[in-house]
Amino acid sequence: MEPSALIRKSTIVYGIMILLGTLVVAFGHDRLGPALALPEGPMEGGRLVAIGLLGGGLLLVLSYFFEDWFPSFRVLKSTIMRFLGPVSVPTAIYLAVITSFGEELLFRGAVQPFAGLVFTAVLFGLLHLGQDGLVSAWSVWAVIAGLLLGWMYEETGSLWPPIVAHFSVNVVSILNLRRAYRSWKEHVQKHEARLTPQDLRPP
């Protein structure tokens, strides 16, 4: 997908999530202030960021295990890699920011107080279906992620730890996929360079 189209579509989809989540958190739960309040002092800020980074690190490690254990997880990552293409670093950061704010405001901030931790995590997993539209290893990973992110929100009363965790997972994953795409593209180009015109003819 062209970078401009990817940014435009992502902005629309996740912008709607941010808007809906913000409205529900603000008027449905009356918690927009506490949920997004800036930490009181550097110690509290450091604590919330540390919780988020630790959670993000755990989810990244788990994703690497899932990639080893489940072929469908590897196939899906390859599909996403080709979909994203050679995204720039600023685009990767932007996508990580908008997806983390959109999904955390909607799921943890808006849905979880109504539906509870477990049901919200399952709903979050159903948002991450496999290529065939069925529950996959990626869905299971997303349920586990939803449980951890939701637990962070319940324990701290702040959306910042799950947002930081979600952002760290997404930005590292997108940058890794960017690097994998560049390597894959170089490999394909080198392979094509060795082909003769006769090899390029259709069978």
Side-chain angles (χ1 to χ4, degrees), residues 10 13-70 73 92-129 135-176:
S10 299
V13 172
Y14 290 100
I16 292 172
M17 284 188 179
I18 290 173
L19 178 60
L20 289 176
T22 300
L23 289 174
V24 174
V25 174
F27 300 106
H29 306 306
D30 194 25
R31 279 198 48 81
L32 187 61
L36 290 177
L38 294 177
E40 296 181 359
M43 291 292 291
E44 177 62 12
R47 184 180 76 90
L48 295 180
V49 170
I51 292 171
L53 290 177
L54 179 60
L58 290 172
L59 291 175
L60 283 169
V61 169
L62 183 63
S63 73
Y64 296 140
F65 279 114
F66 266 57
E67 191 171 353
D68 286 336
W69 295 338
F70 303 106
F73 203 86
I93 294 173
Y94 175 75
L95 292 174
V97 168
I98 196 169
T99 54
S100 57
F101 270 90
E103 293 186 3
E104 292 312 308
L105 273 166
L106 183 62
F107 284 93
R108 256 55 68 182
V111 176
Q112 186 166 307
F114 283 132
L117 173 61
V118 174
F119 184 81
T120 303
V122 172
L123 189 62
F124 187 67
L126 293 177
L127 182 70
H128 299 76
L129 295 175
V135 173
S136 66
W138 192 37
S139 310
V140 175
W141 179 89
V143 170
I144 297 171
L147 290 170
L148 180 58
L149 296 169
W151 175 81
M152 289 181 189
Y153 180 48
E154 287 195 351
E155 288 298 309
T156 64
S158 172
L159 281 173
W160 289 115
I163 287 173
V164 169
H166 204 140
F167 169 81
S168 62
V169 169
N170 284 6
V171 76
V172 170
S173 298
I174 294 172
L175 290 175
N176 282 339

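Numbers here are sequence positions counted from 1.
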State, to 0.1 Å, how close [X] and [Y] come at their nearest heavy-atom pair, and which atoms those are.
| X | Y | answer |
| --- | --- | --- |
| Val169 | Ser173 | O-OG, 2.7 Å |
| Gly52 | Ser168 | O-OG, 4.5 Å |
| Gly109 | Leu159 | N-CD2, 3.9 Å |
| Ala142 | Gly125 | CB-CA, 3.8 Å |
| Ile51 | Pro161 | CG2-CB, 4.0 Å |
| Ser158 | Tyr153 | O-CD1, 3.3 Å |

Closer than 3.5 angstrom, by distance alone: can the side chain of [X] be matched with the main-chain N or O of [Y] as a donor-acceptor pair?
| X | Y | result |
| --- | --- | --- |
| Trp160 | Ala37 | yes |
| Trp69 | Ala137 | no |
| Glu104 | His166 | no |

Between [X] and [Y], is any pair of side-chain heavy atoms under 4.5 Å apart?
| X | Y | answer |
| --- | --- | --- |
| Pro113 | Val24 | no |
| Arg108 | Ile163 | no |
| Val61 | Phe66 | no |
| Glu103 | Tyr14 | yes |
| Leu126 | Val135 | yes |
| Leu105 | Leu36 | yes |
| Leu127 | Phe107 | yes |
| Leu59 | Ser63 | no |

[atom1]-[atom2] distance between [X] and [Y], expressed to the nearest 0.5 angstrom:
| X | Y | atom1 | atom2 | value |
| --- | --- | --- | --- | --- |
| Leu54 | Met152 | CG | CE | 7.0 Å |
| Thr156 | Arg47 | OG1 | CZ | 7.0 Å |
| Leu23 | Leu106 | CG | CG | 11.0 Å |
| Tyr64 | Phe73 | OH | CZ | 10.5 Å |
| Trp151 | Leu117 | CH2 | CG | 11.0 Å |
| Leu53 | Leu48 | CG | CG | 11.0 Å |

Quiz item: Given the side-chain rings of His29 and Phe114, with only the six-membered ring counted for Trp, is the space between their centroids under 6.0 Å?
Solution: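 Yes, they do, as the ring centres are separated by less than 6.0 Å.
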Self-check item: Flag if over 12 foreign heavy atoms under 6.0 Å of CD, Glu40
Solution: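 At most 12 heavy atoms, drawn from other residues, nucleotides or ligands, come within 6.0 Å of this atom.
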Quiz item: Would you say Asp30 has more than 12 foreign heavy atoms packed within less than 6.0 Å of its CG?
Solution: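 Not buried by this count: 12 neighbours or fewer within 6.0 Å.
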Practice problem: Begin with the C-alpha distance, continue with both residues' side-chain angles, and end with the deciding distance and a verdict on side-chain contact (heavy atoms from CB on, under 4.5 Å) for Val143 and Phe124. | Solution: CA-CA 6 Å; Val143 170; Phe124 187 67; over 6 Å; no
Quiz item: Looking just at side-chain N and O atoms, do Ser100 and Asn170 make a donor-acceptor pair shorter than 3.5 Å?
Solution: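 Their side chains do not contain a donor-acceptor pair, so the 3.5 Å distance test is not met.
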